[in-house]
Amino acid sequence: MTAHGDMDSLMAFRSDDGGMLLVDKPREWTSFDVVRKVRGMLRVRKIGHAGTLDPLATGLLILASGRHTKSIDGYQAQQKIYSGTLLLGAVTASYDAATPPVDERPLDGIDETTIRGAAATFVGAQMQVPPMFAALKQGGRRLYTLARAGIDVAREPRAVHIHRFEIEAVELPRVTFTVECSKGTYVRSLAHDLGQALGCGAYLETLRREAIGEYRVENAWTLEQLSAAAELLRPAQTEAVDAGR
């Protein structure tokens with residue numbers, strides 16, 4: 001398993017055959033921002049990622065390079081684990097904190113017991129409607145492009161599986177949770193749907209991807225660590241070029 005500090009994994013990632021790299025995506029970076037940054041730091045042209053993270057989310061992003069990009073579908077198919085917080089008592093158009101809260105409602109009668117009970121109903125196979133602010137295409141256009149233009153379209157529900165939805169702490173209006181789910185699950189939609197089930201509305205406040213299959217974020221490189229490692233690799237790269245002259 002790739003881990004931060006493993007220089008051999010970086011050398012493999014830069015080879016023609018390519019390799020896999022675990023990166024801890026910072027908040028307010030898109031997944032493609034990370035790909036572009038790593039491409040420049042490590043001087044690798046062909047890089048793909050296994051599963052988009054929203055800009056406001058942090059956590060594990062699996063990158064693949066070179067011929068190893070053929071393995072991306074296999075990584076994407078694995079179960080994901082997320083931790084996060086949601087806020088009860090309002091909704092947002094994006095289902096997260098990227099857009100302003102509206103439709104504020106009281107939390108009368110809502111307590112930890114009712115929240116845990118509602119969360120339990122989402123465990124198992126579910127048909128989930130993606131949020132409008134999503135990268136999915138409909139009619140050849142990204143849903144988020146339509147949403148930003150003020151256009152709301154019907155979205156087809158998708159089959160997902162919630163393996164566990166644990167409520168870790170309740171400090172109203174904030175709820176801390178952990179969810180383990182299948183490929184294609186929108187945790188933003190899960191937060192929104194929980195709010196609808198409770199009758200008070202909810203939206204995702206924070207989200208962190210902790211794991212994809214056996215790969216965990218604690219074994220991932222930060223961009224700062226990668227930058228420092230890339231500096232160490234450059235002298236070796238220069239020597240190799242000089243030796244080939």
Side-chain angles (χ1 to χ4, degrees), residues 1-26 29-55 57-82 128 130 134-138 140-145 156 158-163 179-187 207-230 232-234 236-237 240-241 244:
M1 185 181 300
T2 305
H4 61 75
D6 181 359
M7 299 298 285
D8 289 341
S9 69
L10 292 188
M11 295 298 289
F13 193 78
R14 289 167 38 145
S15 69
D16 290 340
D17 286 337
M20 180 263 287
L21 200 63
L22 308 184
V23 178
D24 187 350
K25 187 189 86 67
W29 285 58
T30 69
S31 299
F32 184 70
D33 287 339
V34 174
V35 168
R36 184 168 48 203
K37 183 70 172 178
V38 173
R39 184 183 291 146
M41 286 193 298
L42 298 180
R43 300 181 182 177
V44 177
R45 296 179 64 182
K46 187 176 181 180
I47 299 180
H49 66 79
T52 301
L53 275 174
D54 291 331
T58 67
L60 183 60
L61 194 65
I62 296 182
L63 305 186
S65 64
R67 300 186 186 103
H68 199 70
T69 54
K70 296 177 181 178
S71 303
I72 282 178
D73 287 346
Y75 295 129
Q76 287 180 325
Q78 298 184 54
Q79 291 177 198
K80 283 60 170 198
I81 298 176
Y82 297 89
Q128 186 185 75
L136 295 173
K137 284 187 176 181
Q138 189 154 317
R141 299 178 68 185
R142 301 281 186 189
L143 285 177
Y144 61 72
T145 301
E156 288 294 324
R158 309 196 311 171
V160 301
H161 197 104
I162 309 300
H163 298 278
V179 63
E180 185 171 357
C181 56
S182 66
K183 170 188 175 182
T185 302
Y186 282 91
V187 182
L207 186 68
R208 181 165 178 79
R209 187 152 64 194
E210 303 285 353
I212 299 175
E214 66 176 307
Y215 304 102
R216 302 196 63 87
V217 71
E218 52 261 40
N219 295 320
W221 295 80
T222 66
L223 291 180
E224 292 77 13
Q225 289 168 337
L226 276 176
S227 179
L232 293 176
L233 288 174
R234 285 198 180 102
Q237 183 183 42
V241 170

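Treat the numbers as computed from the prediction; the structure is a model and nothing was measured.
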TODO: Without swapping roles, check the side chain of Ser65 against the backbone of Phe13 for a donor-acceptor pair under 3.5 Å.
DONE: yes
- [ ] Look at the rings of Tyr75 and His68 and say which category their plane angle falls in: under 30° parallel, 30 to 60° tilted, over 60° perpendicular.
- [x] tilted
Task: Donor-acceptor contact present, side-chain Ser31 to main-chain Thr52, <3.5 Å - done: no
Task: Gly74 backbone acceptor or donor facing Ser71 side chain under 3.5 Å - done: no
- [ ] Show the numbers, then the answer: is there a side-chain contact (heavy atoms from CB on, under 4.5 Å) between Lys46 and Thr69?
- [x] CA-CA 8 Å; Lys46 187 176 181 180; Thr69 54; 3.4 Å; yes
TODO: Please check if the side chain of Gln128 supplies one atom and the backbone of Tyr186 the other of a donor-acceptor pair under 3.5 Å.
DONE: yes
Task: Leu42 side, atom CG; Met11 side, atom CE - distance, nearest 0.5 Å - done: 10.5 Å
Open item on the list: So Val217 and Leu22, do their side chains get closer than 4.5 Å, heavy atoms only?
Closed with: no
Task: Residues which pass salt bridge (charged side-chain N to carboxylate O under 4.0 Å, His left out) with Glu180, listed by chain and number, not counting sequence neighbours - done: Arg164
Open item on the list: Would you compute the distance between atom CD of Gln79 and atom SG of Cys181 and round it to the nearest 0.5 angstrom?
Closed with: 8.5 Å
- [ ] Nearest 0.5 Å please: distance from the NZ atom of Lys37 over to the OG atom of Ser227.
- [x] 6.5 Å
Task: Approximate separation, where rounding is to 0.5 Å, of Lys183 NZ and Gln78 CD - done: 11.5 Å
Open item on the list: Taking the basic N atoms (NZ, or NE/NH1/NH2) and the acidic carboxylate oxygens, is any pair closer than 4.0 Å for Asp54 and Lys25?
Closed with: no
Open item on the list: I'd like to check Val38 versus Val44 (side-chain heavy atoms, cut-off strictly below 4.5 Å). Are they in contact?
Closed with: no
Task: Distance in Å, Ile72 CD1 paired with Leu63 CG, rounded so as to fall on 0.5 Å steps - done: 8.5 Å
- [ ] Determine, stepwise, if the pair Met7 / Leu232 fulfils side-chain contact (heavy atoms from CB on, under 4.5 Å).
- [x] CA-CA 9 Å; Met7 299 298 285; Leu232 293 176; 4.2 Å; yes
- [ ] Start with the C-alpha distance between Val35 and Thr30, add both sets of side-chain angles, then the distance that settles side-chain contact (heavy atoms from CB on, under 4.5 Å), and finish with yes or no.
- [x] CA-CA 9 Å; Val35 168; Thr30 69; over 6 Å; no
Task: Side-chain heavy atoms of Leu223 within contact of Trp29, under 4.5 Å - done: yes
TODO: Nearest 0.5 Å please: distance from the CZ atom of Phe32 over to the CD1 atom of Ile47.
DONE: 10.0 Å
- [ ] Could you list all the salt bridge (Lys or Arg N to Asp or Glu O under 4.0 Å) pairs where at least one residue sits in residues 58-80, not counting sequence neighbours?
- [x] Asp17-Arg67
Open item on the list: Is any side-chain heavy atom of Ile62 closer than 4.5 Å to one of Tyr215?
Closed with: yes
TODO: Could you tell me which non-hydrogen atom of Gly184 sits nearest to which non-hydrogen atom of Arg158, and how far apart they are?
DONE: O-NH2, 2.8 Å
TODO: Under the side-chain contact (heavy atoms from CB on, under 4.5 Å) rule, what do Thr58 and Leu207 come out as? Steps first, then yes or no, please.
DONE: CA-CA 6 Å; Thr58 67; Leu207 186 68; over 6 Å; no
- [ ] Compare all side-chain heavy atoms of Leu53 with those of Leu60 and state whether any distance is below 4.5 angstrom.
- [x] no
TODO: State whether the side chain of Arg216 and the backbone N or O of Glu210 hold a donor-acceptor pair below 3.5 Å, judged by distance alone.
DONE: no
TODO: Give a yes or no answer on whether the side chain of Arg39 reaches the backbone of Arg45 with a donor-acceptor pair at less than 3.5 Å.
DONE: yes
